[in-house]
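This structure is a prediction, so every number in the text was calculated from the model and none was measured. Ligands are counted one by one from 1 in listed order, and the atoms in each one are counted from 1 as well.
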Amino acid sequence: MFEVGENADGILAGVLFLIWLAAAILATRLAWRPTPEALRKSARRLLRLLVAALVVLVVKCVAIGLMLAVDWIFADNRVIVQMPLLLLPMLAVAVWTVPGLRALANRDDAPLDVATRSAAADPRFVVPVQVTAVATVVGVYFAYVSRPVPSYLDDIATHAAPILLSVLVLWFWQGRRLRAATATDFVRRGRRASALRATAQTAVVVLVVAAGIAYVAQSSRLPDRMSMTSHDNVDYGGGPSFGHGGHGGVSVDDLRGPQTGKPNKAFTLTAKNATVRLSSGTEIKALTYNGQSPGPELRVREGDLVEVTLHNEIPDENVTLHWHGLDVPNREDGVAGATQNAVEMGGSFTYRFIAEQVGTFWYHTHQNPLEAIRRGLFGALIVEPRDGPPPGERDVVVMAHEWRTPDDNIVSFGTSDTLQRQEIAPGTPVRLRLINTDNNPSTDSRPRSLTVNGTPVRVAAIDGVDLSGPTPLTDPRFGLATGGRYDVTFTMPANAVRLTDLANRDGGLVLAPPGDTSTPKVVDDGDQFDPLSYGSEGSRPFDAGSSYDRSFTQLLDDRLSFYDGGLHLVPIINGKSFPNTPTLMVRMGDLVKVRIVNRSHQNHPMHLHGHHALVLSRDGVRATGSPWWIDSLDVIPGQIYEIGFKADNPGLWMDHCHNLDHAANGMVMHLAYEGVTSPYELGRGTPNQPE
Ligand code: C2O
Ligand code: CU
């Protein structure tokens, strides 16, 4: 409903502009009509336009009503900023223009005298229409570009200013026209001079606008060096403030995993260029860890001290390792420019951490990730329970990825873009670990949809956290957030089971009993799996009713604007792009609530580093059933999620959209603990481009 309202509202802004532009032109020329009949006709046409404008306005109110029905926050900016600025000039039209216009529309054939012309050129009569036209331009700007955010005071000022200015300018201009219209030789004098003048005026306007656009584009360029902590837009979430940096200064470099002790598991990952062959034979010029992509599967046990040494042998690409979903100490988090410098060609970096969580995770570079992950710098990270996996369990890791060739997007599971088969004996417990490593939610703005057909399955874990009491689902569709993971379990039946990505129905994975060569049909109209009320009630350390030390709101909008010199549909958080997005400031031990409101046109899989958050509610409906812990949460347009987390992992943490196109366009913010500083910088002048 929000999307319908939002899209209609945008289109209607354009329609209103066209109608009022036509009305303004008609009104401005009214006094210059040559004959009584022509004047009457124009006046009638203008009246009809005003009626049409009124109808469109009513439809627009309905569109806004649709958004308001979802939640006040989805259209409060219309009610507070946009509508008053449209309605006030329209009211002036009703009061000052309409009565005179009706008189002109009903005028008889008496010759046009000075009194008539001066009535039709009177600023009080004409300017309201002209100003309303200006207001509708501001309305279009509002709908596509400005996207006001609370408190809206600034926005009211910036939107009202051009309208007020236009009142002055048009009043003055129309005053001169009034004198011209009442001069005896007005018709002849009008034409020529005004044609010339109009051309000159248009040229000036075009020049000024072009210069303005060039200036805005240039000033959107990001600085060559910036610090993730330097910006002064800080948000304390209603909790006590402590000044930027705060007390007890500690550098991210000091927030490390264990420095001593022999690792239980040690890995070496070397970033290198390599050619990866998909099952279809397509070759990808990939960026890889150890020459393969997905990179080597890292499989460890709960409690293991893990040591991973990263080398870089790629000449033109710096790399890091980020453990997506594993809440490691801050210095081990692998974010270029925040927790380390990206590793350049020939360099190395060692990560050490204890694997405290059990479940499905993945690793990827956090340097130029939009390109580099897409091209292959990622792999699976599995933490098995301390006592090992359930006996006899068949563990199948599936990394849903989209490869790019110059002319194709290839939807795959790992390197399999064609149908694969595995034999599994009936009765075997099976765990499918689904990982969405895609940059982009595929072809449209929806999350990836995976379906399992052939047997009912349970969702045993989400984002590396077990669910309580998962119930069986038949032909479910899994809309897996970018970066998100689902562990799907079942006992192998006597027939074949199929996992399919609906974006590649010829591909997928068939698990079949030995000798079974059948291929189950893809069922694509099963129910979308919804974790909000799935499973049985488990224990929640806090819920929607708990009292929180800090509460933040992330208002996700998008607008047509420049970012770093390029024109994009720029996703914004609370009206800003990185590095101007607010930093969420917390103290160790705080209980934190975040309300995520998606007022934009696209899905945003929001990903907070270093923490798992509990989903408290969605669209005002409390989460029930199994506690639903997330590190990657897909928020679709028109949705409001409330999540909560305990601030228990000090550091400087990224909080960003994992649609990495969006992140690259500034949909990035940070969670900063009191007193934590980072010596690292990012930007063109540094080795670090974390997005
Ligand atoms: Cu999967 Cu900030 O990352
Ligand atoms: Cu996004």
Among the N, O or S atoms of His662, the one nearest the Cu ion (ligand 2):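 Answer by atom name: ND1.
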
Proximal heteroatom of His604 relative to the Cu ion (ligand 2) (N/O/S):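 Relative to the Cu ion (ligand 2), the closest nitrogen, oxygen or sulfur of His604 carries the name ND1.
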
Taking N, O or S atoms only and a limit of 2.8 Å, check whether His609 reaches atom 2 (Cu) of ligand 1.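 It does: His609 brings an N, O or S atom closer than 2.8 Å to atom 2 (Cu) of ligand 1.
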
With a cut-off of 2.8 Å, does any N, O or S atom of His658 fall short of it relative to atom 2 (Cu) of ligand 1?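 Coordinating: no.
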
Nearest to atom 1 (Cu) of ligand 1, which N, O or S atom of His324 do we find? ND1

Decide, counting backbone as well as side-chain atoms, whether His366 has an N, O or S atom less than 2.8 Å from atom 1 (Cu) of ligand 1. no

Has His322 got an N, O or S atom lying less than 2.8 Å from atom 1 (Cu) of ligand 1? no

Going from [atom1] on [X] to [atom2] on [Y], what distance comes out if it is rounded to the nearest 0.5 angstrom?
X	Y	atom1	atom2	answer
Phe2	Arg599	CZ	CZ	8.0 Å
His656	Ser632	NE2	OG	8.5 Å
Glu307	Phe267	CD	CZ	11.0 Å

Does a side-chain heavy-atom distance below 4.5 Å link Gln357 with Val383?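 No, their side chains stay 4.5 Å or more apart.
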
For residues Arg618 and Glu642, determine if any side-chain heavy atom of one lies less than 4.5 Å from a side-chain heavy atom of the other.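 Side chain of Arg618 against side chain of Glu642, heavy atoms only: no contact under 4.5 Å found.
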
Heavy atoms only: give me the nearest Thr482-His658 pair and the separation to one decimal. CG2-O, 2.7 Å

